[in-house]
Structure formats: C-alpha cells, structure tokens
Amino acid sequence: MQMKIFIRTFTTAVDAQMFNSVLHTKWPELIGSIKGARFRLLYDETTPNVSTVVWEFVDDKVQKKIEVIIEAEIAKFTQALPNRQVHYSGSVEFDFVGGGTD
C-alpha cells in the first residue's frame, strides 16, 4: 500500500474552507470510478487555516493515475488561493491495529 499526505497552510481559515469545499464537491465525481484509492480530508479546529489530505493507494499504478488528476484539478485552486504545501509519500512499512476490549 502506498500513502501520500498533502498539508496545505492557507493565509486564512476562509481560504482553507473554500479549498476544502472544492475537495468535498470535486473528488467524489473525479475518483468515484477509480478502484484502489482512498481519500481522507482531516480537519483540526485548532488550525482552521490548514487543509490536510491523506491518500491511500493499493499500488503505484493507482497512485500515478490519481496524481495526474491532482495536478490537473487542484492546481487551478491552489493558484487562486495561495498556500504553502508540504507533501509526504511512501509505502506503508508497518501498520498496527489494536484489538483491545476497551
């Protein structure tokens, strides 16, 4: 499994909210038919000007297909809403899920 994390810090919470709104409306239609990709948008009320997206891909092929869409679609909005971006990408080396009874 491959994962990629996008962290975008916008000037204002309003800019981040506008960007996240686009993600809510565009991504289901853009990737709905692509199997093997999971999209998660995280929100932290203590940092409302930050947009964090976590992608999970079953393999490199799916990741590359999604990254083409990201470049084509998201670039339009990130140019209109200036932001600082940090990206992390890699394959999952260790994954643990607790099985406690709590």
Novice: Are V92 and V54 connected into the same hydrophobic cluster when the rule is that any two of I, L, V, M, F, W, Y join if their side-chain heavy atoms are below 4.5 Å apart?
Specialist: yes
Novice: For a side-chain contact (heavy atoms from CB on, under 4.5 Å) check, start with the C-alpha distance between D44 and T52, then their side-chain angles and the critical distance, and finish with the verdict.
Specialist: CA-CA 9 Å; D44 181 351; T52 304; over 6 Å; no
Novice: Minimum heavy-atom separation for D59 to Q2, with atom names?
Specialist: C-CG, 4.1 Å
Novice: Could you tell me which non-hydrogen atom of N20 sits nearest to which non-hydrogen atom of S51, and how far apart they are?
Specialist: OD1-OG, 2.6 Å
Novice: Between NZ of K26 and CD of E73, what distance do you get to the nearest 0.5 Å?
Specialist: 4.5 Å
Novice: Is there a path of hydrophobic side-chain contacts, each under 4.5 Å between heavy atoms, that joins I70 and I31?
Specialist: yes
Novice: Are V50 and V22 linked, directly or through other ILVMFWY residues, by side chains that come within less than 4.5 angstrom of each other?
Specialist: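 No.
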Novice: For T25 versus E29, what's the shortest heavy-atom pair and its separation?
Specialist: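 Between these two residues, the closest heavy atoms are O-OE1, 4.0 Å.
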Novice: Quick check: does any side chain N or O of N49 sit under 3.5 Å from a backbone N or O of T9, one acting as donor and the other as acceptor?
Specialist: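 It does not hold such a pair.
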Novice: Mind checking what makes side chain to side chain donor-acceptor pair (under 3.5 Å) contact with D95, not counting sequence neighbours?
Specialist: none
Novice: Between OG of S91 and CZ of F57, what distance do you get to the nearest 0.5 Å?
Specialist: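 With rounding to 0.5 Å, OG (S91) is 13.0 Å from CZ (F57).
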Novice: Quick one: do I66 and F39 satisfy side-chain contact (heavy atoms from CB on, under 4.5 Å)? Show the steps, please.
Specialist: CA-CA 10 Å; I66 294 294; F39 171 86; over 6 Å; no
Novice: Of all the heavy-atom pairs spanning I7 and I5, show the shortest one and how long it is.
Specialist: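 Heavy atoms only, the tightest pair is CG1-CG2, 4.0 Å.
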Novice: Shortest non-hydrogen contact from P28 to L23?
Specialist: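 Reported closest heavy-atom pair: CD-O, 3.8 Å.
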Novice: Count the heavy atoms belonging to other residues, nucleotides or ligands that lie under 6.0 Å from CD of E67, then report whether that count exceeds 12.
Specialist: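 Count over threshold, so yes.
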Novice: So, for D15 and T12, which heavy atoms are closest and what is the spacing to 0.1 Å?
Specialist: N-OG1, 3.0 Å
Novice: Once rounded to the nearest 0.5 Å, what's the spacing between atom CE of M3 and atom CZ of R38?
Specialist: 9.0 Å
Novice: Parallel under 30°, tilted from 30 to 60°, perpendicular over 60°: which one fits the rings of W27 and W55?
Specialist: perpendicular
Novice: Do M1 and I34 share a hydrophobic cluster, counting only Ile, Leu, Val, Met, Phe, Trp and Tyr and linking them when any side-chain heavy atoms are less than 4.5 Å apart?
Specialist: no
Novice: Could you state whether V14 and F19 fall into the same hydrophobic cluster, counting links through intermediate Ile, Leu, Val, Met, Phe, Trp or Tyr residues with side-chain heavy atoms under 4.5 angstrom apart?
Specialist: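 Yes, same cluster.
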